[in-house]
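Chain naming here is simple, since letters A, B, ... match the order of the sequence lines and numbering starts at 1 in each.
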Amino acid sequence: MRRNLTRNALLASLALALSVAERWIPLGLLVPLPGIKLGLANIVTMFALNYLGFYDAAAILAVRVTLGSMLGGGFASFCLSMAGGVLSLIVMYALFNKPQSISLVGVSIAGAAAHNTGQIIASMVILSGTAPFWYLPVLLLSALVTGTLTGTLMLILTRRLDRYFITKAK
Amino acid sequence: MRKLLFGDLIIAGAVLLLAAGIALVGANRAMPGLLYAHISINGGEEVIYSLSGEDRIIELTGYDSIGFTIEISGGAARFAYSDCPDKLCVRTGWLDSSGGFAVCLPARATLSISGYSGMDGISR
């Protein structure tokens, strides 16, 4: 029990570090559109889903999002991240149970797209208007790219880690 | 290493289709021929300006008394200034085509463009 707590705390701080670190990547120079990021922290969520299970992944996600918005962002960014994170977690969890037809890349793309959809829904609620909805296509296209990227990283990661983790949740 | 599977392509295709579908509907949601800037604060009624009308600077106050300025000039609109901390709205820059969208979350203000750009895939 205590071991799990320590492990989850470590993973949450790793996710937090990744989400802070990716703010330093000047992605805006490449694609000058707001709201687009790599989503490196999602690797940790996928890792937790893959090796630990839904509840650990959810706990790590909640800690990461809460601390992340305390470190910069504020309440609006907390709502956006949380809505995106929760929707993404649910979608990825649903797809993880179908490993014979969908690889981690597909799971990652779906997770990224769900994250963006959740963010747009949250911003529609905050702004109580439908205007953000029309920005969704831009974010979905970015999800296709960033999801493929993080999914590929995740494939490389699991290939290395499968040697060390005997018990897999899946 | 596991290879890309058929399901991955389905997911990628579905995301692409969804994006294209929403973009198509979004581009056609207003009267053709002209572009309009829609400004809304905290979900309130939209104030609509024609982008082809005269240039103007609109000073507004959003949620939490955060002031911001919308500039309409040369057939485009933008957040020219905002009191918000992150200035993401200003960094979004000029919006000059249908479906263009900028938001200032702290001020709960949205600026979106509707209408036809007057160009399509063929005439561009």
Side-chain angles (χ1 to χ4, degrees), chain A residues 28 32-35 72-77 79-80 91 95 98-114 116-117 120 122-145 147-148 151-152 154-156 158-160 162, chain B residues 1-27 29 38-46 62-64 79 84-95 98-114:
Chain A
L33 291 166
F75 185 67
S77 115
C79 295
L80 261 61
V91 166
L95 294 179
K98 307 185 171 46
Q100 66 278 30
S101 53
I102 299 166
S103 81
L104 286 168
V105 175
V107 172
S108 170
I109 293 174
N116 291 138
T117 309
I120 290 288
S123 58
M124 278 164 67
V125 171
I126 293 174
L127 299 160
S128 36
T130 53
F133 182 71
W134 307 108
Y135 191 58
L136 188 55
V138 176
L139 292 184
L140 286 180
L141 288 184
S142 85
L144 209 53
V145 178
T148 307
T152 309
M154 186 62 197
L155 272 181
I156 297 168
T158 48
R159 195 170 45 146
R160 303 283 162 90
D162 276 347
Chain B
M1 186 157 142
R2 279 167 285 180
K3 285 182 298 184
L4 278 182
L5 299 170
F6 187 60
D8 297 344
L9 294 178
I10 304 242
I11 288 173
V15 171
L16 209 59
L17 266 179
L18 193 63
I22 297 170
L24 265 179
V25 176
R29 78 195 148 110
H38 301 243
I39 304 165
S40 172
I41 299 167
N42 205 8
E45 201 167 325
E46 287 186 341
Y63 178 79
D64 211 9
F79 276 91
C84 65
D86 53 17
K87 311 272 189 254
L88 268 176
C89 49
V90 177
R91 276 177 26 211
T92 306
W94 288 102
L95 308 174
S98 191
F101 176 67
V103 60
C104 184
L105 272 183
R108 300 194 183 171
T110 59
L111 168 66
S112 61
I113 312 294
S114 70

- Between A/Val138, A/Leu141, A/Leu80, A/Leu140, which shows the greatest number of heavy-atom pairs under 4.5 Å with chain B?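 Heavy-atom pair counts peak at A/Leu140.
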- Query: Highest number of heavy-atom pairs under 4.5 Å with chain B: which of A/Pro137, A/Gly151, A/Ala143?
  - Reply: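 The option with the most such pairs is A/Pro137.
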Taking C-beta and beyond as the side chain, do [X] and [Y] meet within less than 4.5 Å on heavy atoms?
{"X": "A/Pro132", "Y": "B/Phe101", "answer": "yes"}
{"X": "B/Cys104", "Y": "B/Phe79", "answer": "yes"}
{"X": "A/Asn116", "Y": "A/Ile120", "answer": "no"}
{"X": "B/Ile11", "Y": "A/Leu95", "answer": "yes"}

Which region of [X], side chain (C-beta onward) or backbone (N, CA, C, O), has a non-hydrogen atom less than 4.5 Å from a non-hydrogen atom of chain B, or is it both or neither?
{"X": "A/Ile126", "answer": "both"}
{"X": "A/Ala113", "answer": "side chain"}
{"X": "A/Phe75", "answer": "neither"}
{"X": "A/Leu139", "answer": "neither"}

Side chain / backbone / both / neither for [X] at chain A, heavy atoms under 4.5 Å:
{"X": "B/Val103", "answer": "side chain"}
{"X": "B/Asp86", "answer": "neither"}
{"X": "B/Ala109", "answer": "backbone"}

- Query: Just by distance, do the side chain of B/Asn42 and the backbone of B/Tyr63 share a donor-acceptor pair under 3.5 Å?
  - Reply: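 Side chain of B/Asn42 to backbone of B/Tyr63, a donor-acceptor pair under 3.5 Å: no, none is there.
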- Query: Can you tell me how far CG of A/Leu155 sits from OG1 of A/Thr148, rounded to the nearest 0.5 angstrom?
  - Reply: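 Reported value, rounded in 0.5 Å steps: 11.0 Å.
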- Task: List the atom of B/Thr92, the atom of B/Ala102, and the distance in Å for their closest heavy-atom pair.
- Result: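 Scanning both residues completely, I find the closest heavy atoms to be CG2-CB, 3.9 Å.
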